[in-house]
> 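Structure below; questions to follow.
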Amino acid sequence: MPESEKNNTVDDAQLQFTPSGQLKHLLTIRGLAREQIVELLDRSQEFVIAEGEAVVRSTALRGRTVANLFFEPSTRTRASFDLSAKRLGADVLNLDVNTSSRKKGESILDMIYTLQAMQVDVFVVRDAEAGVPAHIARHVSNFVSVLNAGESHVSHPTQALLDLLTIRQRKGKIENLHVAIVGDIAHSRVARSVSEALATMGVGSLRLVSPKALAPDIHAFPEDAIVTEDLDEGIAGADVVMALRIQRERIGSLDGVPGVDEYFSAYGVSHKRMQLAAPDAIVMHPGPMNRGIEIESSLADSPCSVIRDQVRNGVAVRMAVLSTVVKSLEDLHK
Ligand code: CP
């Protein structure tokens, strides 16, 4: 892959839109205007169902094929894209990448061209390497969409949207809220994407809390984000507290990262720590969680936790994104 394609550039943001400005690929939050984010959240809300209710079904993707290509492990994202596409009436191909011909040396693009020849309309891609979703988007036919389902440490746009939807449901707004993101900011694609989305929505303050060894590259975050190693300072008065897992799979050496007990003591989001936050603060976690390390286990199951709402909203957001991009493909044919 060319070096120039390995990062989310402004070009990646522009690549997402048709000439008339409709969302055709979702590669990054960057480039999405506030109004476009609000529209996606409003559309998502239409697909939200209460626990125990029958699921919302539609025929928006009837005759369409969605291929899920997950080159990294996933539970939530993969399952929710699968269910979303099916609830919209699509055929879904969940390719087992471990037994695919990529293992025999086939390039990612040859794999995409092969599946495109079988009339796949939407590729949902998760990859450990930065730049892969945009690389695919640059090479697919004009009538095919690519959705980023998690790209290295760089970007996870549908996760950011489901986080915003969850915050909006609980708080009634996103504007002017104080949000603390706590943990391994350095290696977190969730932290990057949700920070971009929160900044676009006009959040009151964004606090990034981590030990020095897991501190963010500040150039990848909104310039007014507050970066601190002090959890008490970061969490004080926060309306939203998001705990993050240590992304061991992306860390070469754990040198400088505190051991489990020390980490929980300094950076674990706990009932005691939450007493410093706003009285009605909510606790979030994108999952998968390591209970007792970045979050106190009983806090994750407590009334202030919206972690299961995040999962439920993941299906609604992916239904909204799939129906939006497929509508854009249809309009390209007109
Ligand atoms: N939040 C998230 O991306 O979870 P999965 O890795 O299980 O998809």
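Numbering of ligands and ligand atoms starts at 1, following listing order. Only a predicted model underlies this, so the values are computations on that prediction, with no experimental measurement involved.
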> Using a 4.0 Å cut-off to any heavy atom of Gly287, which atoms of ligand 1 qualify?
1 (N), 2 (C), 4 (O)
> Looking at Arg34 and Glu175, does any basic side-chain N land under 4.0 Å from a carboxylate oxygen?
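Glu175 and Arg34: salt-bridged.
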> Grab the two heavy atoms, one from Ala60 and one from Val326, that are nearest each other, plus how far apart they are.
O-CG1, 4.0 Å
> Compute whether any side-chain donor of one residue and acceptor of the other, for Ser297 and Arg291, lie under 3.5 angstrom apart.
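Side chains of Ser297 and Arg291: pair found under 3.5 Å.
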> Are Asp280 and Arg170 close enough for a salt bridge, meaning some N to O gap below 4.0 Å?
no
> Can His156 be said to touch ligand 1, with heavy atoms closer than 4.0 Å?
yes
> Could you establish whether Gly150 and ligand 1 come within less than 4.0 Å of each other, counting only heavy atoms on the residue side?
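In this structure, Gly150 fails to qualify as a contact of ligand 1 - no heavy atom is under 4.0 Å.
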> Tell me which protein heavy atom sits closest to atom 2 (C) of ligand 1, plus the residue, atom name and distance to 0.1 Å.
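Protein heavy atom with the smallest distance to atom 2 (C) of ligand 1: Thr77 OG1, 3.5 Å.
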> List the residues meeting salt bridge (Lys or Arg N to Asp or Glu O under 4.0 Å) with Arg62, not counting sequence neighbours, and say none if there are none.
none
> For ligand 1, which atoms, with element, lie under 4.0 Å from some heavy atom of Thr75?
5 (P), 7 (O), 8 (O)
> For atom 4 (O) of ligand 1, what's the nearest protein heavy-atom neighbour? Residue, atom name and distance, please.
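Checking every protein heavy atom, the shortest distance to atom 4 (O) of ligand 1 gives Arg76 NE, 3.0 Å.
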> When you look for heavy atoms under 4.0 Å from ligand 1, do you find them on the side chain of Arg126, its backbone, both, or neither?
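Under 4.0 Å from ligand 1, Arg126 contributes side-chain atoms alone.
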> Provide, to 0.1 Å, the distance between atom 1 (N) of ligand 1 and the closest protein heavy atom, together with that atom's residue and name.
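In this structure, atom 1 (N) of ligand 1 has Pro286 O, 2.8 Å as its nearest protein heavy atom.
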> For Phe70, does the six-membered ring have the charged nitrogen or CZ of Arg126 within the cation-pi criterion, i.e. under 6.0 angstrom from the centroid and within 45° of the normal?
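No, Arg126 does not lie over the aromatic ring of Phe70.
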> In a table with atom names and distances, give each donor-acceptor pair under 3.5 Å that connects a side chain of residues 227-234 to protein atoms at least two apart or in another chain.
residue, atom, partner, partner atom, Å
Thr228, OG1, Asp230, N, 2.9
Thr228, OG1, Glu233, OE1, 3.4
Asp230, OD1, Asp232, N, 2.9
Asp230, OD1, Glu233, N, 3.2
Asp232, OD1, Arg273, NE, 2.7
Asp232, OD1, Arg273, NH2, 3.4

> Closer than 4.0 Å to some heavy atom of Gln159 - which atoms of ligand 1 meet that?
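So the atoms of ligand 1 that pass are 1 (N), 2 (C).
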